[in-house]
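Data first, discussion second: the structure below is written as structure tokens.
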Amino acid sequence: GQGLNWRQVKFEGSADQVLLPCKPEQAQRKVMLGHDTSDLQMQGCEVQGMQFTWAQLTLPPQTSPDIVLQVWQQASLSSMGATPGPTAQSLRLSTAGKELNAVQLSAQTPQGRHAHFYWWVRDTHAYQLAVYAERGPIATPVLQSLEEGILAP
């Protein structure tokens with residue numbers, strides 16, 4: 001997007017990386033997933049009235065990744081106060097010979113806050129990439145850059 005300075009971002013010890021249009025702050029915490037505690041690492045930043053977050057969650061052993069993604073989707077919607085209703089759609093990303101099955105979801109709150117989420121699982125981690133805008137929908141070029149960035153080499 002114009003005026004957005006995209007850069008590659010990754011987590012220590014993880015192969016996955018994404019593009020974010022701002023320099024992220026890092027945070028880490030423990031979260032409960034069913035009966036298991038899991039490590040959640042997050043990076044996030046704000047630019048041009050949008051907030052971008054990328055999170056990596058260590059999958060607990062014996063837990064189905066699908067269940068983890070469903071719980072994460074519900075938690076994300078309820079934490080932003082989105083009206084329940086939207087269901088995640090599967091998304092097949094492919095570029096430069098790489099393919100990834102992800103799910104995506106658009107949501108909005110009654111106050112007009114919009115968000116677009118991507119989730120995917122790779123090896124022992126689940127990931128969430130999200131963008132929030134306080135007013136109005138998120139521009140298509142921003143979403144295109146995010147999607148392309150998920151598969152950035």
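Residues: numbered from 1 along the sequence shown.
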Tested for side-chain contact (heavy atoms from CB on, under 4.5 Å) against Tyr118, the lone hit among Leu143, Leu93, Val131, Leu100 is Leu143

Heavy-atom distance under 4.5 Å between the side chains of His125 and Thr58, does that happen here? yes

Please report the shortest heavy-atom distance between Val68 and Ala126, naming the atom on each side. CG1-CB, 4.4 Å

Please say which of Leu129, Leu57, Val103 ends up in a side-chain contact (heavy atoms from CB on, under 4.5 Å) with Trp119. Val103

Rounded to the nearest 0.5 angstrom, the CD-CD distance for Glu46 and Gln51 is 4.5 Å

Does the gap between the ring centers of Trp72 and Phe117 come in under 6.0 Å? no

Rounded distance [0.5 Å steps], CG in Asn101 versus CD in Glu99: 7.5 Å

Could you tell me the separation between the OG atom of Ser78 and the CD atom of Gln73, rounded to the nearest 0.5 Å? 12.0 Å

Which distance, rounded to the nearest 0.5 Å, do you find between the CD of Gln8 and the CG of Leu19? 6.0 Å

Should the pair Trp6 and Phe52 be assigned to parallel (<30°), tilted (30 to 60°) or perpendicular (>60°) ring geometry? perpendicular

Looking at every non-hydrogen atom in both residues, tell me the closest pair between Lys10 and Gln43 and how far apart they are. O-NE2, 2.9 Å

What heavy-atom pair brings His116 and Ile138 nearest, and what distance separates the two atoms? N-CD1, 3.8 Å

I need the Ser76 OG to Gln128 CD distance, nearest 0.5 Å. 4.0 Å

Are Leu146 and Val18 close enough, and set up right, to give a side-chain contact (heavy atoms from CB on, under 4.5 Å), and what steps lead you there? CA-CA 7 Å; Leu146 281 179; Val18 297; over 6 Å; no

Non-hydrogen side-chain atoms of Met42 and Gln56 separated by less than 4.5 Å: no

Whether over 12 other heavy atoms sit under 6.0 Å from Lys23 NZ: no

Check residues 24-32 and write down every donor-acceptor pair under 3.5 Å in which the side-chain atom is one partner and the other belongs to a residue at least two apart or another chain.
from, atom 1, to, atom 2, distance (Å)
Lys30, NZ, Asp39, OD1, 2.8

Measure the spacing between CD1 of Ile150 and CZ of Arg122 and express it to the nearest 0.5 Å. 9.5 Å

Does Leu77 reach the side chain of Leu105, with side-chain heavy atoms less than 4.5 Å apart? yes

Given the side-chain rings of Trp54 and Tyr127, with only the six-membered ring counted for Trp, is the space between their centroids under 6.0 Å? yes

So, does Arg7 use its side chain to make a donor-acceptor pair with the main chain of Asn5 at under 3.5 Å? yes

Residue pairs meeting side-chain hydrogen bond (donor to acceptor under 3.5 Å, both in side chains), one or both in residues 130-142, sequence neighbours left out, come to Arg113-Glu134

